[in-house]
Every structure is written in C-alpha cells, then in structure tokens.
Amino acid sequence: MENNTLPALNQCFDMTFANKHTARAVRVPKENNAAQVLKTLGFTEPKPCLFVSGGASYMSAEDRKRIEEILNGVAGFIEEIGGVIIDGGTEAGVMQMVGEARAQGKFNFPLVGVSPLGKVSYPGYKNPHEEAFLEDNHSHFVLVDGDAWGDESQTIVNLTYDICNKRQLPSAGILINGGIIAMHEIYLASTTELQLPILVLEGSGRTADEISTAFRTGNTNRGILRAILAGGDIQIIAADEGMDVVRKKLAERFKM
C-alpha cells in the first residue's frame with residue numbers, strides 16, 4: 001500500500017517491488033557521511049567498486065542493444081570479482097539496463113542506487129512530485145534528501161570512494177551517454193581528492209562523446225571539460241569495440 005509517509009533519517013527499511021524483489025534502503029541528508037551510510041546498509045568490509053554514470057537519451061535501438069550487451073558483460077565482471085556497482089537507481093536508461101543485467105544473470109553482487117528523494121517514488125511511497133520510479137532489481141538504495149537531480153551526485157562518488165576503503169581496493173567509474181548531471185559526476189569523481197579513474201564509452205552519445213572528442217583533440221571551450229582533462233585519469237573505449245574489450249579494460253583497472 002502506498003502512502004506519503006517518509007522514513008526516518010539514517011534508519012534502514014525494506015521495500016518490496018511488484019516482482020517480489022526486496023531491497024534494503026536508507027534515507028540520508030544531502031550532507032552525509034558515506035562510511036556511516038554504508039555501515040547502516042550493512043556493508044561491513046571493503047569491496048572493489050564501479051560507479052555507472054550516464055543515460056540512454058537519443059540512442060538508436062541498435063545502440064541500446066550494444067550498450068545492453070556491454071552492461072551484461074560489466075555485470076558479469078563485477079560478479080566475478082566480488083565487487084559492487086553504484087548508480088542512480090531509477091527505472092530509466094543505463095540504470096535500468098544494469099538492474100536488468102543483474103537479474104537476467106542471476107547475479108548477487110550489491111547494486112546500490114542513489115537517488116534524490118524529492119524526485120522518486122518507490123513501493124510504499126507515492127511522491128506527489130514523482131519524476132521517476134526506483135528500479136526493481138537493485139539490492140540497496142540510498143535516498144538523498146534533495147529536490148533536484150544532481151543532489152545525489154556527491155553521495156554517489158563518496159560511496160564509491162569509501163566502499164573500496166579509499167582506493168585500497170580497485171575502483172573506477174564508467175560513463176555511458178549522459179547529460180549535465182553525468183558531466184558533473186565525472187568532474188566530482190575525477191578532479192577532487194577522490195581521483196577515481198574514469199572509463200568513457202565513446203560512441204554512446206552526448207556527454208561521453210563530448211568528453212571523448214575533447215580528450216582526443218585536446219580542444220574545448222568548456223571550463224568543466226578542461227578541468228576533467230587536466231585532473232582526471234580518463235580512458236576512452238569505443239562502444240563499437242564491444243563487450244569483450246570493455247571487460248578487458250575493466251580487468252586492467254581492477255587488478256587485485
């Protein structure tokens with residue numbers, strides 16, 4: 001039964017979707033302690049971590065199929081290494097593809113969705129300002145008190161950094177397509193003290209292709225792009241190289 005009652009801050013609760021899958025969730029303030037959030041969700045030991053940023057807007061059916069195949073391979077790789085994937089958690093674009101890849105592969109790796117509470121609905125809570133529903137194959141959710149897309153971005157990169165014990169274990173981000181929010185996430189992840197390596201899937205469209213072009217040419221008029229190129233550990237992978245090449249590049253990044 002849905003209602004408009006919000007959960008208490010910093011306390012775990014469960015949500016059960018129509019597909020009978022149950023996920024563990026926690027509501028947190030916008031300014032939060034990532035290590036404490038992970039502890040509250042039950043993560044008791046460091047794990048290698050990949051965060052997935054981006055979307056699937058303006059993709060052709062052929063491009064979407066290619067990205068789905070790549071994400072199936074990514075999900076299988078994370079399962080093999082005992083890792084975690086963190087993404088935006090909603091029933092849209094690459095986040096939905098990652099959830100479906102986890103379900104179809106019958107994988108058990110933790111898949112943590114991080115979303116702004118003011119924009120989403122989920123089983124048990126019907127948001128009057130809903131713009132998205134949480135994806136029903138994620139294992140965990142972090143609901144950030146915020147009313148705008150992007151309010152969750154800092155939490156995504158902080159969780160990635162903390163779950164791998166501040167990069168004592170391998171970690172990286174992968175950018176697929178994406179818009180303004182994705183650009184900001186890559187900036188936060190690559191240019192701050194976190195300095196997470198970023199794999200950019202060239203040919204997936206929008207922000208990924210903008211970064212790829214700037215990286216290859218060394219030319220851009222955008223300040224945020226100049227900062228990413230100057231401070232980030234960026235690796236370009238062509239989407240049409242397929243799943244095997246992406247897995248190979250991930251394996252190089254996640255040597256353990």
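Keep in mind that the numbers below use all heavy atoms, side chains included, and drop hydrogens, waters and symmetry copies. Residues take their numbers from the sequence shown, with the count starting at 1.
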Report the residue from Thr16, Leu134, Thr90, Asn127 that forms a side-chain contact (heavy atoms from CB on, under 4.5 Å) with Tyr122.
->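 Only one of Thr16, Leu134, Thr90, Asn127 forms a side-chain contact (heavy atoms from CB on, under 4.5 Å) with Tyr122, namely Leu134.
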Under a 4.5 Å cut-off applied to non-hydrogen side-chain atoms, are [X] and [Y] in contact?
X	Y	answer
Leu143	Phe13	yes
Val94	Asp87	no
Asp162	Phe43	no
Pro116	Trp149	yes
Arg206	Ser57	yes
Glu62	Lys65	no
Ile176	Leu71	yes
Val98	His138	no

Just by distance, do the side chain of [X] and the backbone of [Y] share a donor-acceptor pair under 3.5 Å?
X	Y	value
Asp145	Lys30	no
Arg253	Pro170	no
Ser204	Asn177	yes
Thr207	Gly178	yes
Arg167	Gln195	yes
Asn33	Gln36	yes
Arg247	Gly73	yes
Arg226	Asn221	yes

Basic-acidic side-chain contact under 4.0 Å: Asp63, Arg66 =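 Salt bridge between Asp63 and Arg66, a charged N being under 4.0 Å from a carboxylate O: yes.
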Residues Lys119, Glu152: salt bridge by 4.0 Å N-O rule =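 Between Glu152 and Lys119 there is no salt bridge, as every charged N stays at least 4.0 Å from the carboxylate O atoms.
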Nearest heavy atoms of [X] and [Y], plus distance in Å:
X	Y	value
Phe141	Gly89	CE2-O, 3.4 Å
Ser212	Glu202	OG-CB, 3.4 Å
Ala239	Gly203	CB-C, 4.3 Å
Pro110	Gly83	CD-O, 3.5 Å
Gly118	Asp147	CA-OD1, 3.7 Å

Value rounded to 0.5 Å, distance of [atom1] in [X] from [atom2] in [Y]:
X	Y	atom1	atom2	answer
Leu50	Ile78	CG	CD1	5.0 Å
Ile186	Leu175	CD1	CG	4.5 Å
Ile198	Ile236	CD1	CD1	10.5 Å
Leu229	Arg222	CG	CZ	11.5 Å
Ile163	Glu45	CD1	CD	10.0 Å
Asp240	Leu201	CG	CG	9.0 Å

Could you go through the side chain to side chain contact (heavy atoms under 4.5 Å, CB included) check for Asp233 and Ser190 one step at a time?
-> CA-CA 7 Å; Asp233 179 1; Ser190 62; over 6 Å; no
Can [X] and [Y] be counted as having a side-chain donor-acceptor contact under 3.5 angstrom?
X	Y	answer
Asn137	Glu135	yes
Asn10	Thr40	no
Glu185	Ser153	yes

Measure the acute angle between the ring planes of Tyr187 and His184, then classify it against the limits of 30° and 60° as parallel, tilted or perpendicular.
->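 The rings of Tyr187 and His184 lie parallel, inter-plane angle below 30°.
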Relative to the ring of Phe17, is the ring of Phe133 parallel (under 30°), tilted (30 to 60°) or perpendicular (over 60°)?
->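 The rings of Phe133 and Phe17 stand perpendicular, inter-plane angle above 60°.
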Using the rule that two of Ile, Leu, Val, Met, Phe, Trp, Tyr join whenever any of their side-chain heavy atoms come within less than 4.5 Å, decide whether Val245 and Met243 are in one cluster.
->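 In one cluster with Val245: Met243, no.
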Joint hydrophobic cluster, Met15 plus Leu6, side-chain heavy atoms closer than 4.5 Å =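 Yes; tracing contacts between hydrophobic side chains, which count when under 4.5 Å, links both residues.
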Taking everything shown except Leu9 itself, do over 12 heavy atoms lie less than 6.0 Å from its CG?
->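 More than 12 heavy atoms, drawn from other residues, nucleotides or ligands, come within 6.0 Å of this atom.
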Might you confirm whether atom CG of Asp14 has over 12 heavy atoms from other residues, nucleotides or ligands at distances under 6.0 Å?
->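 Yes, CG of Asp14 has more than 12 neighbouring heavy atoms, counting only those of other groups under 6.0 Å.
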Given Asn32 and Gln154, is the side chain to side chain contact (heavy atoms under 4.5 Å, CB included) satisfied, shown in steps?
-> CA-CA 10 Å; Asn32 57 74; Gln154 189 68 63; over 6 Å; no
